[in-house]
2 protein chains.
Amino acid sequence: MPNWPQTPVRLKDIAHDLNVSVMTVSKVVRGCADVGPETRKRVLARIKELNYQPNWVARSLAARRTFIVGLIVPDLMHSFFAEIAKGISNSLRPLGYDVVICNSEEDATLEASEIDRLLARQVDGLILASAQPPSATDAFARIEARGVPFVLIDRRFASINASFVGADDEAIGRLATQHLIECGCRRIAHIAGPKTTPGVGRLKGYQDTLAAAGLDAPTGYVIHATDDASGYEATKKLLALSSVPDGIFGYNDPVAAGAIKAVLEAGLSIPQQVKVIGAGNVHYSDLLRVPLSTVDQRSTDIGTHAAEILAKALSSKRRRAVSSVLIEPRLVPRESTGR
Amino acid sequence: MPNWPQTPVRLKDIAHDLNVSVMTVSKVVRGCADVGPETRKRVLARIKELNYQPNWVARSLAARRTFIVGLIVPDLMHSFFAEIAKGISNSLRPLGYDVVICNSEEDATLEASEIDRLLARQVDGLILASAQPPSATDAFARIEARGVPFVLIDRRFASINASFVGADDEAIGRLATQHLIECGCRRIAHIAGPKTTPGVGRLKGYQDTLAAAGLDAPTGYVIHATDDASGYEATKKLLALSSVPDGIFGYNDPVAAGAIKAVLEAGLSIPQQVKVIGAGNVHYSDLLRVPLSTVDQRSTDIGTHAAEILAKALSSKRRRAVSSVLIEPRLVPRESTGR
DNA sequence: CTGAAAGCGCTAACAC
DNA sequence: GTGTTAGCGCTTTCAG
């Protein structure tokens, strides 16, 4: 086992060893065609011998491309985003890109600074599930000013004309609410999410469907939460209402899982007395206290589609037209709504 | 809203505008002390005006430091690793480091290539939950050859003299098994993990504790699985044994969650007829069909400790002594073992 | 097919 | 305090 030097081998070293120019070696490394087969062989041999690895920092500076794509998500712990991240990495890696994943913790300021860091690191492109407030435009403007292509996922921004990949959130809201109605629920509450498009869209789908069915929601039937812990607390409030709901639609699966816990703790049965449905189809939905009915939004597809759109933008010199993908949600009935 | 140029502002531009040298501007940017207060003010003003952002690629090349740390985990979807990743990012960000997260998919070859990519990108340090086979040494050797500091997490490698942060896996095995025994189990099966130190250590803790208690495990009582799906399948086999176990210790929480599903489907009750315990204390353990007893290994702490050790190594010029942290596990009894 | 020239944008080390 | 001189390791462009 050779003990390689602490200072890595450079193109220059190989060129010197072989009495060829740095350029020639560089061309071989990058697989350019215009190199004599004999020269190429010698260079390749030496490269293997010395275990040469190109310095990507230098390469990036000279080539003005880093082959790095930034991804910002609000919460890696939520398996929905972990799944998306995985889909993106897997799609982009074969194309030679590395993905730098950042966690914004659902904090717009932190996110903005992450965006700036990534831009300073000269990423070639950006994918964001943004935690910016709906009207915000500043952070995106800085990306556009730099001419860096980016695609929004999960959360849309009306004021921004950018590519988007995500679920049809109103459809999710309609699907979930309609399902509860069909299962016989009449007093349907909604644990709504934050004021992002998924939160707002699902809420609207819920309200529209209720209205269309001639049902109405008493005050207090719409309450906010973001994860299992807050979903649990929210549900306790719901159950304390004078008119206890017989159906609960949770903005996402973690919230719905928290709801299940609270309902059972209150001594009510699921699905007999209260039916619960979530959204997202996280992989452990089936393992919960009561297997959770949910609306699938195909997270992995969101990742692959986003990667695909970005890849196209990265490979075309001209500014590409904005292109979007709306993923059609799919009902996954399980025990929590009586199946 | 100014429309900034596509080609970003450079030090040179600012220097030119102000009739000072590039160096002076550079010094101001980096906050060096040796700059006249008047000059500094002018430079700062222009920087704000032009929204100058240093080019980190160029800076990295010149300074021979990227302020990037690589993190490789086998599976981001497993919330244990997501939690660690979060702990690491949060600890390292304030020190000016960005963390590049890679997923090895539990594949040693893929991991080796990720390591090489990260090294080629000139990361300043590396943190790995490695998927290399226990005897492997090659990939680590390449890191050391480059003189890049690294710390191993979760999985240890006997042949490698490197810093390590992880749980005391034998203790986890002992704690879980002992708990089952104390809950009255006599026929205790183990769904073991892969042949990594956590898998092997927990298995040993299980075997030692069984032996110490004078219990023995019939053939077929140790079976392998890695996630909820395979844990579910493994448990079905366990339940088909002539002597059905009355206690199951799952290598990790997902496996144990799969076990719960299989046991209930078989018409057996938990914890009355079969008790189940996992390890890891993933955040949804409490929301499972039966709230899962588990052994907590404080994932976030693993991340912060690893970050701390690496940070020390990064800030000291001399090669640091290897330092390790063994996290003491803690029993978290819930309903799945009768509490 | 090969290579010389000219940087990429920034920083270390040392003069002034 | 400020500026100069030299790169970092690689690629682009264009001449031979």
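Proteins come first, then strands; the chains are lettered A, B, ... in the order of their sequence lines, and each starts at number 1.
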Exercise for the section: Would you indicate, yes or no, if D:dG3 has its OP1 or OP2 atom less than 4.0 angstrom from a side-chain nitrogen or oxygen of B:Thr24? Expected result: yes

For nucleotides 12-16 of chain C, give me every protein contact, N/O to N/O, under 3.5 Å, one pair per line with atom names.
unit_1 : atom_1 : unit_2  : atom_2 : d
C:dA12 : OP2    : B:Arg30 : NH1    : 2.7

Fill in the blank from the handout: Separation of C:dT2 atom P from A:Leu18 atom CG, nearest Å, is 12 Å

Practice task
Mind running side-chain contact (heavy atoms from CB on, under 4.5 Å) on A:Asp124 and A:Tyr97 for me, showing each step along the way?
Solution key: CA-CA 9 Å; A:Asp124 291 342; A:Tyr97 289 91; 3.7 Å; yes

Handout entry: Whole-Å gap separating P (D:dG9) and CD (B:Gln122)
Key = 9 Å

Exercise for the section: Answer with yes or no whether the side chains of A:Glu111 and A:Ser130 bring together a donor and an acceptor at under 3.5 Å. Expected result: yes

Problem - A:Asn19 CG to C:dG3 C1', straight-line distance once rounded to whole Å - result: 13 Å

Problem - Gap between atoms CG and C1', on A:Leu61 and D:dG9 respectively (whole Å) - result: 9 Å

Problem - Closest heavy-atom pair and its distance - A:Ala58, B:Leu61 - result: CB-CD1, 3.8 Å

Problem - For DNA chain D, the residues among residues 35-42 of chain B that have a non-hydrogen atom under 4.0 Å from it - result: B:Val35, B:Gly36, B:Thr39

Problem - Rounded distance in Å - CZ (A:Arg121) to P (C:dC8) - result: 22 Å

Practice task
Give the rounded distance in Å between these two atoms: CZ of B:Arg65 and P of C:dC10.
Solution key: 19 Å

Problem - Closest heavy-atom pair and its distance - A:Leu314, A:Pro149 - result: CD2-CG, 3.8 Å

Problem - The single option from A:Ile160, A:Ile72, A:Leu310 passing side chain to side chain contact (heavy atoms under 4.5 Å, CB included) against A:Phe150 - result: A:Ile160

Problem - Atom-pair distance (NZ on A:Lys12; P on D:dT11), nearest Å - result: 14 Å

Fill in the blank from the handout: What one should report as the nearest heavy-atom pair of B:Arg155 and B:Pro74 is NH2-CG, 3.5 Å

Exercise for the section: Could you tell me whether the phosphate oxygens of C:dC10, OP1 or OP2, come under 4.0 Å of any side-chain nitrogen or oxygen in B:Tyr52? Expected result: yes

Practice task
Examine the side chains of A:Arg30 and A:Ser26 and answer whether a donor and an acceptor come within less than 3.5 Å of each other.
Solution key: yes

Practice task
Give me the bend of the helix from C:dC1-D:dG16 to C:dC16-D:dG1, using the axes of the five pairs at each end, rounded to 10°.
Solution key: 30°

Practice task
Take atom CD1 of B:Ile47 and atom P of C:dG9, then tell me their distance rounded to the nearest Å.
Solution key: 17 Å

Exercise for the section: Ignoring hydrogens and angles, tell me if any N or O in the side chain of B:Arg146 forms a donor-acceptor pair with the backbone of B:Leu119 under 3.5 Å. Expected result: yes

Handout entry: Short side-chain N/O contact to C:dT11 OP1/OP2 from B:Arg59, under 4.0 Å
Key = yes

Handout entry: Minimum heavy-atom distance between A:Phe157 and A:Pro134, given as atom pair plus value
Key = CD2-O, 3.5 Å

Practice task
Apply side-chain contact (heavy atoms from CB on, under 4.5 Å) to A:Thr39 and A:Leu18, showing your working.
Solution key: CA-CA 9 Å; A:Thr39 321; A:Leu18 266 41; over 6 Å; no

Handout entry: 5' precedence on DNA chain D between A:Arg10 and B:Val20 (nearest-nucleotide basis)
Key = B:Val20

Practice task
Using a cut-off of strictly less than 4.0 Å, decide whether B:Ser21 has a side-chain nitrogen or oxygen near OP1 or OP2 of D:dT2.
Solution key: no

Problem - Side-chain H-bond candidate by donor/acceptor type, B:Thr66 with B:Gln122, under 3.5 Å - result: no

Exercise for the section: Kindly indicate whether a cation-pi arrangement holds for B:Arg65 with B:Phe67, taking the cut-offs as under 6.0 Å to the six-membered ring centre and within 45° of the axis. Expected result: yes

